[in-house]
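We count residues from 1, following the sequence as given.
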Amino acid sequence: TVRADESLSALFDSGVDAVAAKLPTARGGFWSDFAAFIGEFGYRGPSEWDLGTESWESKPTLALALIDKMRLLEDADAPSARQAAHAAETDKAMAEATAGMDAATEAAFRGAIGSARRFAAWRESGKSSCIKIMNEARMALIELGDRLAATGVIDHPRQIFIALDSELDALALGATHLREVLREREAAWKGLADLEPPTFLDGTQPLPPLSELARRGSGDIARASVGEVLTGAPSSQGVVEGKVRVVLGTDRIDEFEPGEILVAPQTDPSWTPLFLVAAGVVVNTGSMGSHAMIVARELGIPCVGGLVGATQRLKTGDVVRVDGSKGTI
């Protein structure tokens with residue numbers, strides 16, 4: 001729709017903030033379609049399990065930035081087209097895998113593959129139901145935060161997410177005695193932002209104290225050198241060469257250019273449109289059943305997962321060759 005409309009394309013060329021500025025008053029066509037899209041999918045966004053983060057509904061520029069990238073693609077790059085092209089490869093791989101199997105073994109194998117596919121969809125459906133409800137709470141809290149900040153009950157709207165559930169009633173009634181408590185708690189919370197969470201926790205052991213956690217960037221992770229081969233987990237077949245774009249969060253996706261290789265800590269469904277414009281994907285953490293790998297396979301783009309420190313070893317602008325079948329960069 002955007003690509004076919006010269007005036008709309010020109011508006012997007014001037015930046016997503018200019019597009020967002022027209023959302024409250026524009027009607028018809030793209031604007032109505034986008035409003036309907038946000039009405040249905042506005043609960044999506046970065047770190048969806050966290051009430052205090054933005055969603056597409058609370059910050060529409062997150063979704064508009066994705067549209068801004070996708071408008072540069074042709075219709076042949078649509079997910080449906082990519083999946084249709086990928087289906088032939090899937091059928092070929094299945095035929096190779098089942099060659100020589102007896103009927104009972106093949107039936108069990110195909111049943112296991114089908115079960116894995118259904119489970120992945122059901123898992124995502126369950127998560128979606130949860131975060132839809134969370135976004136309803138998020139939007140109500142954002143509104144409450146705006147009102148309380150305007151009357152001086154809290155320092156700024158987002159401070160509402162520092163309050164405990166047991167404190168919300170008092171704040172909603174205009175109580176100001178919690179102001180210093182919220183300030184101290186917010187300062188302590190911000191102090192945790194650069195801690196490096198452990199990849200694994202042993203449930204049979206006590207949780208490690210915060211004092212033992214490393215700070216982000218404090219580890220000795222060597223920068224990749226020219227000609228070096230980095231090895232992760234093979235996650236989605238294919239080989240691609242291109243420039244790296246390190247993206248640490250979906251608030252930075254506006255910097256991504258179509259055809260680049262996405263290098264990220266990990267991804268969730270709010271990143272999915274970025275996969276449509278990426279030539280390949282590399283993530284720090286993840287296994288065959290995690291988001292980046294599933295979406296990369298569905299769209300037929302190479303992906304390497306589980307490459308520890310990828311976002312530090314690789315830098316934006318690096319030229320790399322990604323082999324998703326071998327798990328090498």
Side-chain angles (χ1 to χ4, degrees), residues 17 20 43-63 65 130-131 134-201 206-221 246-256 263-271 283-285 308-312 315-316:
D17 287 336
Y43 60 90
R44 289 294 187 196
S47 303
E48 294 168 328
W49 290 115
D50 183 354
L51 270 180
T53 59
E54 301 281 9
S55 66
W56 289 350
E57 182 178 3
S58 69
K59 190 177 181 181
T61 51
L62 291 172
C130 291
I131 61 176
M134 291 180 67
N135 191 56
E136 295 299 315
R138 176 186 291 114
M139 297 306 297
L141 286 167
I142 288 173
E143 176 64 23
L144 178 59
D146 285 340
R147 297 184 186 188
L148 296 180
T151 56
V153 175
I154 57 179
D155 293 336
H156 57 87
R158 286 277 161 178
Q159 203 173 48
I160 193 68
F161 293 103
I162 298 297
L164 303 180
D165 181 55
S166 59
E167 298 166 341
L168 290 177
D169 285 341
L171 289 172
L173 293 172
T176 58
H177 68 280
L178 292 169
R179 190 176 295 156
E180 196 57 38
V181 172
L182 294 179
R183 289 171 180 167
E184 292 177 1
R185 189 181 297 150
E186 184 176 28
W189 173 71
K190 288 181 176 179
L192 304 177
D194 65 344
L195 291 180
E196 189 70 62
T199 304
F200 298 101
L201 289 172
L207 290 175
L210 295 178
S211 59
E212 292 184 6
L213 297 183
R215 296 280 172 179
R216 295 188 191 278
S218 63
D220 187 19
I221 298 180
V246 177
V247 182
L248 300 181
T250 50
D251 57 333
R252 303 295 298 275
I253 59 175
D254 58 320
E255 301 172 355
F256 194 88
V263 178
Q266 59 186 11
T267 66
D268 60 35
S270 67
W271 294 67
V283 289
N284 290 0
T285 60
V308 178
T311 52
Q312 294 169 270
K315 301 295 181 184
T316 294

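Checked options T311, N284, T285; the residue passing with Q266 is T285 (criterion: side chain to side chain donor-acceptor pair (under 3.5 Å)).
In terms of heavy atoms, A163 sits closest to L182 at CA-CD2, 3.8 Å. Considering every non-hydrogen atom in both G52 and R158, the closest pair reads O-NH1, 2.9 Å. Considering all non-hydrogen atoms of both residues, V247 and W271 come closest at O-CH2, 3.5 Å. Smallest separation of non-hydrogen atoms from D146 and P157: OD1-CB, 3.2 Å.
The distance from atom CG of L148 to atom CG of L171, rounded to the nearest 0.5 Å, is 6.0 Å. Remark: I142 CD1 to K59 NZ distance equals 11.0 Å, nearest 0.5 Å. L141 CG to E136 CD: the interatomic distance, rounded to the nearest 0.5 Å, is 11.5 Å. Note that CG of L51 and CE of M134 are 4.5 Å apart. Values are rounded to the nearest 0.5 Å.
Judged by distance alone, the side chain of Q159 and the main-chain N or O of D155 form a donor-acceptor pair under 3.5 Å. Formation of a donor-acceptor pair under 3.5 Å by the Q312 side chain with backbone atoms of G309 is not found in this model.
R183 and E186 are not joined by a salt bridge, as no carboxylate oxygen comes within less than 4.0 angstrom of a charged side-chain nitrogen.
A heavy-atom distance below 4.5 Å is found between the side chains of P208 and L201. S55 has its side chain within reach of M139: a pair of non-hydrogen atoms, C-beta onward, lies under 4.5 Å apart. No side-chain heavy atom of I154 sits less than 4.5 Å from a side-chain heavy atom of R179. Counting heavy atoms from C-beta on, the side chains of R44 and I131 come closer than 4.5 Å. The shortest distance between side-chain heavy atoms of T53 and R138 falls below 4.5 Å.
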